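Notes follow the structure.
Worth saying up front: this structure is predicted, and the values here are computed from it rather than measured. Remember, it's 1-based here, ligands and their atoms both numbered in the order they're listed.
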Amino acid sequence: MPKKNKKKNKKRKDKEEKKESAVDERSQRSLKEAFYSRPSKKQETHDFWDNQPVPKLDEDVQQIGPIETKNVEDVRKTPYALPNGFEWFALDLKNKIDVDGLYNLLSDHYVEDDDNMFRFNYSREFLQWALMPPNFLKKWHLAVRVTNNKKLVACITAIPAEISVQHNNIKMVEINFLCVHKKLRTKRLAPVLIKEITRRVNEENIWQAAYTAGVVIPKPVAKNQYWHRSFDPKKLVDIGFSSIPRNSTLGRMIRLAKLGKPPNFLQQTRKMEKKDCKPVCKLLADYLKQFKYHPVLKEEDIEHWFLPREDVIQTYVVEKENKITDFFSFYCLKSHVMKNEKHKDLNAVYSYYNVPNTESWLDLMNAALHKAKEEKKDVFNCLNVMENKEESLEKLKFGPGDGYLQYYLYNYKTPELKPNEVGLVLM
Ligand code: MYA
């Protein structure tokens, strides 16, 4: 081909790519944030939350520290009363029957998107991973059963954690899996569950908690947004997770979803093994110090949270000259697709902790995308925490979702944090 034509062709190709990348941006923007509610109008009064040690929604928090202090001796000795016909039950998650019970309750009644098209489907293995870290307590795997037939109808969980808030390390709990059976909703059972888990945590001389939610209640510490990188646009469009933007076609979306070149260090990347816990622990601790809200993890925690478990958590380390220099991780979480004949599951992964050290954040995240794609996932999700910043995410063809996730602290004040000051990922 004559040189001139080659130049012309290159120019045209560049122009087309530029155009496609703009279209791509729009197509990503139309991705639906499937799991947490869109920001809703703020509720004025909160009968329950207005009487808890949390800042008011309109409070301009400037201080850092606990809101109230109490003694273990003053903690109520008896569980809170449940409505007649219901009883408290501590789940034994080493027991298959209890794991099945929890799995079934959440599988049918846990978090859905605003249009009730998708519902989280945490696997049994995932629940055991998420709820049995070192020093977990059975009494914090709290459920409500129907007294007659022992059927589980509600739950809430706490796990022990050390969390640094504005450089203060605090022994607290992480609260998760608050769920009430659909037929028992809006009967004020959630406040009873929250009060009872608080009592059980206070019994252990712990007074603070970290949690996230899609709803806005008094008062978020940070508001983060989900971003999505699609691998299978056809399926995502079919199930209503994504839509084809005006000025685009499915074919174009498919073309644009193709991954770029993998980073060179991918050959020096392998799944994390037990022997890597020490260097991974050190790398993560050094990295997380720069954020204002982050977990403090010991080697035994690293072993639990990061060692790969099939279809639950994947961690890859970069090894150079027998040294672990960087790592990345993501967890695997399916959702039920509720209104589709062809597809029953949405197969997603969520970015967990990435520590770029000798490699750039961009290359590390690109490597994570390649590994997740190899595992045949439909979409790679992440929050705009840590270094997951808009300008970098866009380079890897992530698009912002339309939902937000709020981070909270119970009984601890801190000025509101910017999304990238958060160094904590809860599942
Ligand atoms: S977030 C995931 C929450 N789960 C779901 O979204 C699953 C589907 N939904 C349900 O199962 C129910 O709708 C739930 C509410 C159970 C959510 N966090 O019983 P109600 C307040 C906190 O009549 P229901 C996760 O797991 C609401 O503002 N509070 O309502 C983290 C109202 O209070 P107020 C919430 O719809 C959980 C009251 O409940 C939430 O039948 C962290 C209404 O109660 C929510 N997500 O049930 C929990 N949703 O009148 C806090 C509603 O004041 C932990 N409400 O507005 C706090 C720390 C505890 C430990 C402290 C130790 C020191």
Check each heavy atom of [X] against ligand 1 and say whether those closer than 4.0 Å belong to the side chain, the backbone, both or neither.
X      : answer
Thr212 : backbone
Leu178 : both
Trp49  : both
Glu112 : neither
Gln208 : backbone

- Item | Centroid separation Phe177 to His141 less than 6.0 Å | no

- Message: Just checking Phe306 against Phe327, ring centres under 6.0 Å apart?
- Response: yes

Ligand 1 to [X] polar contact by distance, N or O atoms, under 3.5 Å:
X      : value
Asp50  : no
Val180 : yes
Phe48  : yes
Thr186 : yes
Ala190 : yes
Phe177 : yes

- Task: Start with the C-alpha distance between Met117 and Phe241, add both sets of side-chain angles, then the distance that settles side chain to side chain contact (heavy atoms under 4.5 Å, CB included), and finish with yes or no.
- Result: CA-CA 9 Å; Met117 291 168 75; Phe241 186 89; over 6 Å; no

Ligand-residue contact atoms, ligand 1 with [X], heavy atoms, under 4.0 Å:
X      : answer
Ala209 : 58 (C), 60 (C), 61 (C), 62 (C)
Cys179 : 11 (O)
Tyr410 : 57 (C), 58 (C), 61 (C), 63 (C)
Ile217 : 18 (N), 22 (C), 28 (O), 29 (N)
Asp47  : 34 (P), 50 (O), 53 (O)
Leu189 : 19 (O)

- Query: In terms of side-chain geometry, is the basic nitrogen of Glu303 or Lys274 positioned less than 4.0 Å from the acidic oxygen of its partner?
  - Reply: yes

- Message: Strictly below 4.0 Å, N to O, side chains only: are Arg200 and Glu196 in salt-bridge contact?
- Response: yes

- Query: Would you call the rings of Tyr350 and Tyr331 parallel, tilted or perpendicular if under 30° counts as parallel and over 60° as perpendicular?
  - Reply: parallel

- Task: Could you check whether the rings of Phe291 and Tyr287 sit parallel, tilted or perpendicular, using 30° and 60° as the cut-offs?
- Result: perpendicular

- Query: Is it true that the NZ or CZ of Arg124 lies under 6.0 Å from the centre of Tyr103's six-membered ring and within 45 degrees of the ring axis?
  - Reply: yes

- Looking only at non-hydrogen atoms, find the nearest pair between Pro233 and Met253 and report the distance. CG-O, 3.7 Å

- Taking all non-hydrogen atoms of both residues, which atom of Glu416 and which atom of Glu421 are closest, and how far apart? O-OE1, 4.5 Å

- Should Val111 be listed as contacting ligand 1, given a heavy-atom distance under 4.0 Å as the test? yes

- Identity of the nearest option to atom 43 (C) of ligand 1, non-hydrogen atoms only, from Arg188, Glu204, Gln52: Arg188

- Looking only at side chains, do Trp207 and Asn205 share a donor and an acceptor under 3.5 Å apart? yes

- Item | Chi angles and distances behind the salt bridge (Lys or Arg N to Asp or Glu O under 4.0 Å) call for Lys371, Glu375 | CA-CA 7 Å; Lys371 289 295 177 191; Glu375 293 188 17; over 6 Å; no

